[in-house]
Amino acid sequence: MITQLNQLQFDNRLVRELPADPETENFRRQVAGAIYSRVNPTAVKNPHLVAGAQEVAALLDLPKSIFTQTEFAQIFGGNQLLPGMEPHACCYGGHQFGNWAGQLGDGRAINLGEVRNQQGNYWTLQLKGAGPTPYSRTADGLAVLRSSVREFLCSEAMFHLGVPTTRALSLITTGEWVRRDMFYDGNPQLELGAVVCRVAPSFTRFGNFEILSARGDIDLLKQLADFTIRTDFVHLLADTSAEITADIYLQWFTEICISTAQLMAHWMRVGFVHGVMNTDNMSILSLTIDYGPYGWLEGYEPDWTPNTTDAQGRRYRYINQPRIALWNLAQLANALYPLINAVELLQQALESYRVEYEYCAQRDMANKLGLTQFDPAQDQTLTDNLLQVLQTAEIDMTIFYRRLAHLSPDDIHQYTDQQCVDIVRSAYYQAVDTTAEAAMANWLRTYAQRLQQDYAVNGNDDNHRRLRMNAVNPKYVLRNYLAQQAIDKATQGDNSEVEKLLQILRNPYDEQPEYEEYFAKRPEWARHKAGCSMLSCSS
């Protein structure tokens, strides 16, 4: 099987066409006038495969049996390089929690190169946790099993949810110990080291452009923008050999605004909270990137953030994510301004974000409620009232929408308040008083009337509605307590729970009765347990 790995076709466009850092020694420094620095992964003692995603292997024209080969762990643990690999780390900056942070860069991620598969698609392979780079600042460039399990599983979970994301090929432990202060409380612990191989068409971020513009390196800014358009947005070019004009840059930025709006709508639809929406964590391809202290809403709390670092300001809370994405796009607009030179046109592009997000949010809510289409005249009030009712008690968002599909609009008018709420009661974390119960019952009756109207006007029915709802409302999501249980077992050398979750999350919208126990509210023991509620950026 090593022969098959050797047959991976590397076509490293970025390192071939963009300028490299002339300094080849690996030490922390400011890197100017370059897009990347060449750096090799750090060798580890005993790389061992924890899990692999066969769907991602297929993208690289590799069979699932590739994971059984000893050489696989050596290569994707960072000990060996294949012919054609040209490892490097990229330079970028970013706004962190609203403040310009200057140079950041791939501090613990090393790109191995770009693979061109048999369909002509390009996939960049990137090792996260493979050792220090010139951009590591004061960090060690390593990752631990705890965070790596979360990144591996969530990358694949999001893909199967239909959310644009980077992918994960493999999760490998290193056989070495890494010191981490998980709670930033001055009590660091030794944890098992790990490396995730991430896969994406490109890992370019908003911050790759921000750093060049901030430094006034407009020639290199243009060179990177041109490269990005010619490789990942070539559909914008009628003539690939012609000079790229300000109009093309504007079309490109507008497309980024629209696709970012679509991504935010997906996050909101499934109840995902990223936790660290800094501009250096925003993909130019509008992929979900950098899985750190993320989480899914358990009880519907619009102001919830999973990030302990953000606990006070809650800048990146669930309800604020669409607004933050727009703010981040405005910072990208500032960075690209020297190429476009038209404030009003950039503002129009940003307006396209608002329009697209509103369209996607309304479409998604119609689907979540099983309506044929969203009628702003009546459905905006219906939606607003629902979100208010969901805050009258601790109500699990994922379970609520799946249970809501069981409602029968023809029967509910006969029900008492208690019987109405019984339809979705399994989503409640605690018993509620009669006032909260009445609020939910009244909303359910209003919703039932809206369904009957939709049935009469559009020919919809219960079966079609339920299919529509269950296609967008997942039954299984990567709840933090589930990820933590897999981490706890993997730490003891038992990878079975990682594999089981990977299998369950491949089909998040299916009933999967054999895994019914995973369709459950967060247990009370997990409410405040480390790793099961809020998390830090530490990894």
Side-chain angles (χ1 to χ4, degrees), residues 53-59 119 121 123 150-169 198-202 232 255-275 277 281-291 294-297 318 321-322 325 353 356-374 383 396-402 404-405 464-479 482-483 501-512 515 518-519:
Q54 62 191 49
E55 301 91 337
V56 183
L59 296 175
Q119 289 72 44
N121 300 319
W123 296 99
R150 288 172 51 81
E151 170 120 20
F152 175 80
L153 286 175
C154 200
S155 299
E156 292 306 289
M158 292 288 270
F159 171 77
H160 292 293
L161 283 167
V163 181
T165 178
T166 58
R167 304 294 300 275
L169 173 65
R198 308 198 290 189
V199 178
S202 167
D232 292 310
E255 183 169 319
I256 296 168
C257 289
I258 292 171
S259 57
T260 300
Q262 295 165 351
L263 177 65
M264 290 303 106
H266 277 299
W267 287 6
M268 303 300 283
R269 171 178 64 84
V270 300
F272 176 77
V273 192
H274 184 277
M277 288 182 65
N281 292 337
M282 297 291 291
S283 160
I284 209 71
L285 298 181
S286 302
L287 306 173
T288 313
I289 192 170
D290 287 342
Y291 291 96
Y294 64 79
W296 262 268
L297 290 185
Y318 170 73
Q321 291 180 128
Y353 170 91
E356 183 68 14
Y357 179 77
E358 182 176 9
Y359 165 77
C360 291
Q362 291 182 351
R363 176 206 61 202
D364 290 348
M365 185 53 73
N367 288 332
K368 288 180 76 66
L369 296 177
L371 300 173
T372 305
Q373 60 185 14
F374 191 92
T383 298
D396 190 282
M397 176 176 167
T398 300
I399 295 175
F400 172 82
Y401 281 108
R402 288 294 289 205
L404 188 63
H464 286 93
R465 170 179 60 88
R466 287 167 183 156
L467 288 172
R468 183 189 296 268
M469 294 175 73
N470 289 342
V472 298
N473 296 320
K475 181 170 182 176
Y476 302 99
V477 295
L478 186 60
R479 298 171 183 269
L482 294 176
L501 284 176
L502 184 61
Q503 178 58 36
I504 294 169
L505 297 168
R506 283 189 171 108
N507 302 287
Y509 299 101
D510 294 351
E511 286 299 320
Q512 302 190 78
Y515 298 123
Y518 290 83
F519 178 57

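On a predicted model such as this, the values are computed, not experimentally measured, just so you know. Numbering of residues begins at 1 and proceeds along the displayed sequence.
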Open item on the list: If we ignore hydrogens and angles and just use 3.5 Å, is the side chain of Y357 paired with the main-chain N or O of A265 as donor and acceptor?
Closed with: no
- [ ] Answer yes or no: is there an ion pair linking E511 with R402, defined by an N-O contact shorter than 4.0 Å?
- [x] yes
Open item on the list: Can you confirm whether M268 sits close enough to D364 that some side-chain heavy atom of one is under 4.5 Å from a side-chain heavy atom of the other?
Closed with: no
Open item on the list: For the SG atom of C360 and the CE atom of M365, what is their distance to the nearest 0.5 Å?
Closed with: 13.0 Å
Open item on the list: Any non-hydrogen side-chain atom of I284 less than 4.5 Å from a side-chain atom of D232?
Closed with: no
Task: Intermediate values then yes/no, side chain to side chain contact (heavy atoms under 4.5 Å, CB included), H266 and L161 - done: CA-CA 9 Å; H266 277 299; L161 283 167; over 6 Å; no
Open item on the list: Could you check whether any side-chain heavy atom of P322 comes within less than 4.5 Å of a side-chain heavy atom of Y353, counting everything from C-beta outward?
Closed with: yes
Open item on the list: Let's go through W267 and T288 carefully: what are the C-alpha distance in whole Å and the side-chain angles of both, what is the deciding distance for side chain to side chain contact (heavy atoms under 4.5 Å, CB included) to 0.1 Å, and is it a yes or a no?
Closed with: CA-CA 9 Å; W267 287 6; T288 313; 3.0 Å; yes
TODO: Using a 4.5 Å cut-off on heavy atoms from C-beta on, say whether the side chain of R269 contacts that of V163.
DONE: yes
Open item on the list: So does D290 get a backbone contact from the side chain of H274, meaning a donor-acceptor N/O pair under 3.5 Å?
Closed with: yes
Open item on the list: Is the ring pair Y291/F272 parallel, tilted or perpendicular, if the boundaries are 30 and 60 degrees?
Closed with: perpendicular
Task: Separation between CD of Q262 and SG of C257, rounded to the nearest 0.5 Å - done: 11.5 Å
Open item on the list: Name the residue from R150, R506, R167 that meets the salt bridge (Lys or Arg N to Asp or Glu O under 4.0 Å) definition with E156.
Closed with: R167
- [ ] Could you tell me whether the side chain of F374 reaches within less than 4.5 Å of the side chain of T383, counting heavy atoms only?
- [x] yes
- [ ] For L263 and P164, work out which heavy atoms get closest and say how close.
- [x] CD1-O, 3.6 Å
Task: Test side-chain hydrogen bond (donor to acceptor under 3.5 Å, both in side chains) applied to K368 - qualifying residues, sequence neighbours left out - done: N473
Open item on the list: Donor-acceptor pair, distance only, cut-off 3.5 Å: does the side chain of Y476 make one with the backbone of Q512?
Closed with: yes
Task: Residues in ring pair (Phe, Tyr, Trp, His ring centres under 6.0 Å) contact with W123, at least two apart in sequence or another chain - done: none
Task: From CA spacing to verdict: side chain to side chain contact (heavy atoms under 4.5 Å, CB included), I258, E356 - done: CA-CA 6 Å; I258 292 171; E356 183 68 14; 3.7 Å; yes
Open item on the list: Minimum heavy-atom separation for T398 and D396, please, with both atom names.
Closed with: N-OD1, 3.1 Å
Open item on the list: Please check this pair: side chain of T165 against backbone of L287, looking for a donor-acceptor N/O pair closer than 3.5 Å.
Closed with: no
- [ ] Might you work through the side chain to side chain contact (heavy atoms under 4.5 Å, CB included) test for Y294 and L478, ending with a clear yes or no?
- [x] CA-CA 10 Å; Y294 64 79; L478 186 60; 3.3 Å; yes
TODO: May I ask you to check whether over 12 heavy atoms, not counting those of Y359, lie within 6.0 Å of atom OH?
DONE: no
